[in-house]
Every structure is written in structure tokens, then in C-alpha cells.
Student: 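Here you go, one structure.
In listed order, ligands and their atoms are each counted from 1. Numbers for residues simply follow the sequence, beginning at 1.
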Amino acid sequence: MCGIVGYVGRKEAYPVLISGLKHLEYRGYDSAGVGIIGNDGSLRVYKVRGNVSRLKETADKRAHDGNAGIAHTRWATHGAPNETNAHPHLSQDGHIALVHNGIIENYIELKRELAGLGYGFKSETDSEVLVQFISYNRQKYRCTLAEAVRISLHGVSGSFAIAVIDDREPGCVVTARRSCPLAVGIGTDGSCFIASDIAPILPHTKDVVYPDDDDVLRLSLPEKGGVEMMNIDGERREPTVTRVEMSADQVEKDGYDHYMEKEIHQQPQVMRECMAGRVLLGEDRIYLEAFEQNRERFLNASRIVIVACGTSWHAGLVARYAFERYANTPCEVEYASEYRYRRPVILPTDVVVVISQSGETADSIAAIRPAKEAGAFVYGVCNVDNSTIVRMADAYTLTKAGMEIGVASTKAFTAQVLVLMMLVAEMGRAKGVMGGEEYRALINDMVQLPQHIDYILSDESAIRRFAATLLPCRSMLYLGRGNQYPIALEGALKIKEISYIHAEGYPTGEMKHGPIALIEPEVPSVVIATKCGEYEKTISNIQEIMAREGRITAIATKGDTVLEKMVDNVIYVPDIHPMLMPILTVVPLQLLAYHVAVGKGCNVDQPRNLAKSVTVE
Ligand code: AGP
């Protein structure tokens, strides 16, 4: 939920740290701070309530020499978002500074023990307890900072990605992780870059080390020891360097006003990337490696249990309709935050599908453990390679949507749905539920997805006009049937999370059982009324809304001539195989939410109270 960066190299650390934080603000931005060991050996810490720009305003006024430092952008978990609780946190003796992402679950008892030893605390945070604990162990064992960190990990439960500096060891940064994301870039000149993900690292190097849980790394320039890695037991480990082929500019905005806008418009290319090597038009087949290597597990599954959060959960809901209709496989969809505590009945023949853009969502990670303990097969659908969920799953498929910076998920969602439709098609074909003709028709339609999305993106005028009418709204209804019901939920979530307008997604057929009481001109309805599914019934529902003076915008199939005579606005999407229609109908709803948020002057990429990756419970 927070972002950490660290640097030790041949340049001044300060500008590298500040620019690194800018890449991580999507992870949280209610406070920020930086800590540097100056050339005079002094440890300097600056921290503010507010975002990185606010930190820069404050810290820029001070001199910042020194080639080693750490920095942090926070999404508050323990303690209010204020300067005292901002990171870096200092040890009581003032020698050690630490930044932390994650949650130290036993911080209360640690705090009590340290207080009994005379340690005082300024903040409400678990992170300050950790830095005091490290300081205590460094003193008790008269050891190096790296050793003190390693020893401390034995006494810590919970999750962390940390970067630590000590003014008694200038030119060195120590870093470690457990269950939280961490990447370490290694420059050709020996400089080292620590970050919660690779965005801050890519402008400097493509050579990245992904530490394992409880790895501790001591980083310094080669002439001072270079990159030294050990496990929690102190055994030296050779770091594995991965070459990341994503270029730095790929994580920039490409001329769009916001990351979200860019990522919505990247979706045609994302479909191509996601299908590459998997949808083999020339061979009339789909090849999903995770399925091919685990055919029996998938084909003999007693049921598919999908576990996810938020938008990823909506992708799971779309897939449920397909697993049952096209692969004749029972499918349940669970909120991870419920599944992990509910003590669910999990069968060893279950296939548990964990869908997550970040691969770091705490609730989704926690839901994997009971599934694995019960002997179920865990399959991850993730957008971030080497993420925790990818590492924990028995098999996984990467959505290949590229880095998604906007907090509101868009391209990752459509890629998730596409991967899941590929899996359904593989299973349905292998089980003889999906005939050869339908299978080939589906493949042909999959290959059409990029151009169909291009068509939707080519003219946003109707969406912009509709968005302008929604600015004063305080509530909306989104309605859809069948596999469009999850898209109604997703459309409602999008507009909620970035424009702060309350919106509810509902099955269209359910509207008459209560929500219809909300209908009035001031509460507009968005109805997904494409030709697939129960189109006629949806027309009846639209008439029910109109009879109560409700304003309606319909998402309709291109060529539909009925709806335009009935409703206030119609936004058209091309016709495609019903399994794939949700991928098309969601795009106008993404654009609608975007334009409403821009029209309201909201912070589209960093909506209030939200974070891109909810790595805490
Ligand atoms: C999506 O727009 C939201 N920001 C949020 O619901 C998100 O989908 C959810 O937190 C799950 O994240 P994940 O896919 O990274 O697990």
C-alpha cells in the first residue's frame, strides 16, 4: 500500500529518490519523506503530510549531498496521515532510518518489550517499532546493520518491504522483504536502486533482482562490497539478475493527460499482447500454457472457485457465466476478504483461481493459504510477474497488460477477462462442450477484439456529451443481464472510485425488486442492452424506467435501430461472440467514468482514499 525507494550509487541520492517516489505515488500519497546520509556523515530526514510534490517543496530548500538514501510515500494504515507518522522513522539514538511497506503484526508486543527496555516512541506506527527493534539488536549483538536486520526478522511477524540506512555505515543501504513487493536494480556502474516495483528503476537500469521472502541485501558500491545477499539464517545467496524488457517510457503517459486515459487507449494493443502465442488463428486453436501443463487438474476439477477483490472480482463474475455455459464446470466467485475468514469448504479437487492485477493484494494472498492447505490447485491470473501471488500459485497466466499505473483498473481488467475466456474455451473444447465450429468462431472473434475496441475509442463524442450531463449527479444506476451484470458492477465501481458519484450496479431483472424506487430524472440509468442475452426482456425493463421518467443511456449493439427511438443516449459497440461482449461493453463505461472525473476536476490517477495495490487488510 505504500511505496519505498532506496539508492546508493555514484550520483547525489536526493534527486534519484524524489523522482523514484513520483513513480510510486499510485501506491499511496497521504505523506512522504526522504532520508539521506550526507557527505559529512550526518543523517538527514525530511518528511511531510502530503504528496511527493509537497515533500519536494520542503526538502528542496535544504542542501542534499550524499550518495545513499531512502524515501517513502505512504497510504496510512497504523496512525493518521501526518508528519509524525510519515516515514522514514528514526531509531531512538538517531543513527538508523527506515522506510517500510507492509504491516508488522506483532508490533504491539514488540513495542511493549522495547518500552520495558527504555525505548520511547513518537509515532503510532508499527514501522517505528521495527526500526527501534533493529537498533536494539544492532546494539545487543554489536553487529552490522545488515546483521541487525537479519536477526530482527526472526522476531517479526507480518509483511514488510524495508530499506534502512545507518550513519555509522555511510555509503550503504540494507533492504529486505516478506510478502511485500520489492525490486533491486543494479546499474552498469554498480549503483543500486531499491523500489516497490520496477517503475522507478527502469529509467536507470533494466537489470533487476527480485529478492525472495526473508532475503536481506546489503547494497553499496562495488569498491565497498557491492551487492551482498543472505537469507534469514545468514547464509550467503547469489542474487539472480533478471533483464526487464519494459522501457522506461512505457510507464510514462505517452502524451495522454492521465495514466488512466492512456491505459484505456492501450487496450487494443493489450489484447494483441495478451493473445500473442496463445490464440493461434493459423492453427485454429488456443494454447494456454498453464492449462496445457495441468490439463487433468483443470478438466477433473469438481468446481472452479474464483477468489479476488474489486475489479478483479468482476472479471471473475464474467468468467462464471462462461465456465458454466461453455465448459459445463460449476463455478463460484468469492470476495477474497470474505473467503479467507469464512472457513470455506475447500475440496482437493477444487481449482482455485486467484485473479489479481498487482499480485500483491493482501486479502487475495491470504485466500491462497487455506486453498493450498486443503490440497486445491491454485491458478493465478496476474499482471505482475514475480509478484507474490505468481510465486505462490501452482500455475499462473500473466495478463501481459503492461504496467498499470492508474489506480482505477482498466486494461488489466479486459486482459483478465480475455485470459479467462481462453481458459474456458480450452476446457470447453477438451470436454466436448464447445463444438469445433463455435471454438473456431470464438477464435476469429478474439482476433477481432483490437479493431472493435479501436472502433469504440475512435469516437468519444457521445460519451463526452453524456458525461457532461452527469456532473451534478449524486447517484446513478448501472444495469446489465447475464455476463453483462458484472459489467454493470464494474461501470458503477469505475465512476464511484474516480468521480465520487454514488452508483449501484444491479442485474436488470432485479431492478423491479426494489431499486426501481430510486428512479427519477435526477438518478440516470446506464443499461447494457446489447443483442446477446435476454434483449427483449431488457427492452421491457427500459420501458419500466421510462414510465417513471427515468433518464436512460443504453450500451447497444452497433446497428440496433430500436433503442435510439426509446432512450436519451445510445452508445454503440460492435457485435462479437457473447463470451467476449463484456470486453467491449466495459470500454464505454471506463471512458464515461474518466470524462466525468475529469469534468469534476477529480484526481483521476490518484483518487482520494484509494491505492493501486491494497497490500494490507
Ligand atoms: C480497481 O479499479 C480498484 N482500484 C480495486 O478494486 C482493485 O481492483 C482491487 O483492489 C484488486 O486489486 P488487484 O487486482 O491488484 O488484486
Student: Can you tell me how far the OG atom of Ser358 sits from the CD atom of Glu404, to the nearest 0.5 Å?
Tutor: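 Answer rounded to 0.5 Å: 10.0 Å.
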Student: Can you pull out the closest protein heavy atom to atom 11 (C) of ligand 1? Residue, atom name and distance to 0.1 Å, please.
Tutor: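 For atom 11 (C) of ligand 1, the nearest protein heavy atom is Cys309 O, 3.5 Å.
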Student: Calculate, to the nearest 0.5 Å, the distance between atoms CG and CD1 belonging to Leu317 and Ile355 respectively.
Tutor: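 Going from CG on Leu317 over to CD1 on Ile355, the span is 9.0 Å.
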Student: Using a strict cut-off of 4.0 Å, indicate which atoms of ligand 1 neighbour a heavy atom of Ser409.
Tutor: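 Answer for ligand 1: 1 (C), 2 (O).
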Student: To check your reading of the model: name the closest protein heavy atom to atom 1 (C) of ligand 1, its residue, and the distance in Å.
Tutor: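 Sorting protein heavy atoms by distance from atom 1 (C) of ligand 1 puts Thr311 OG1, 3.1 Å first.
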Student: Would you compute the distance between atom CG of Leu589 and atom CD1 of Ile495 and round it to the nearest 0.5 angstrom?
Tutor: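 Leu589 CG to Ile495 CD1: 9.0 Å, rounded to 0.5 Å.
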Student: Answer yes if the ring centres of His595 and Phe466 are under 6.0 angstrom apart, and no otherwise.
Tutor: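 Distance test on ring centres: not under 6.0 Å, no.
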Student: List the steps, then state whether side chain to side chain contact (heavy atoms under 4.5 Å, CB included) holds for Val384 with Val390.
Tutor: CA-CA 8 Å; Val384 179; Val390 161; over 6 Å; no
Student: Would you mind running through ligand 1 and noting each atom that sits below 4.0 Å from a heavy atom of Ala408?
Tutor: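 Under 4.0 Å from Ala408, ligand 1 has these atoms: 2 (O).
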Student: What protein heavy atom lies closest to atom 4 (N) of ligand 1? Include the residue and the distance to one decimal.
Tutor: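 Atom 4 (N) of ligand 1 sits closest to the protein heavy atom Val407 O, 3.0 Å.
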Student: Among Leu479, Val527, Leu518, whose side-chain contact (heavy atoms from CB on, under 4.5 Å) with Met511 holds?
Tutor: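 Testing each of Leu479, Val527, Leu518 against Met511, the sole residue satisfying side-chain contact (heavy atoms from CB on, under 4.5 Å) is Leu479.
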Student: Should Ser613 be listed as contacting ligand 1, given a heavy-atom distance under 4.0 Å as the test?
Tutor: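 Flag not set, Ser613 not near ligand 1.
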Student: Under 6.0 Å between ring centres, would you say that holds for His314 and Phe413?
Tutor: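 No, ring centres 6.0 Å or more apart.
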Student: Starting from atom 6 (O) of ligand 1, what is the nearest protein heavy atom, named by residue and atom, and what distance separates them?
Tutor: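 It is Gly310 CA, 3.2 Å.
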Student: I need the nearest protein heavy-atom contact for atom 14 (O) of ligand 1: residue, atom name and distance, please.
Tutor: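 In this structure, atom 14 (O) of ligand 1 has Ser312 OG, 2.6 Å as its nearest protein heavy atom.
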Student: Does some non-hydrogen atom of Glu360 fall short of 4.0 Å from ligand 1?
Tutor: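 Per 4.0 Å heavy-atom rule, Glu360 does not contact ligand 1.
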Student: Please report which non-hydrogen protein atom sits nearest to atom 3 (C) of ligand 1, along with the residue it belongs to and the distance in Å to one decimal place.
Tutor: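 The protein heavy atom lying closest is Glu497 OE1, 3.4 Å.
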Student: Specify the protein heavy atom at minimum distance from atom 16 (O) of ligand 1: its residue, its atom name, and the distance to 0.1 Å.
Tutor: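 Checking every protein heavy atom, the shortest distance to atom 16 (O) of ligand 1 gives Thr361 OG1, 2.5 Å.
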Student: Starting from atom 15 (O) of ligand 1, which protein heavy atom do you reach first, and at what distance in Å?
Tutor: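 I find the closest protein heavy atom is Ser358 OG, 2.7 Å.
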Student: Does the gap between the ring centers of Tyr321 and Tyr485 come in under 6.0 Å?
Tutor: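 Centroid distance Tyr321-Tyr485: not below 6.0 Å, so no.
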Student: I want to know if ligand 1 touches Gln416 in the polar sense, i.e. an N/O pair below 3.5 angstrom.
Tutor: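 Such a contact does not occur with ligand 1.
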Student: With Arg177 as the cation and Phe160 as the aromatic partner, state whether NZ or CZ is under 6.0 Å from the six-membered ring centre and within 45° of the axis.
Tutor: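 Checked: cation-pi criterion not met.
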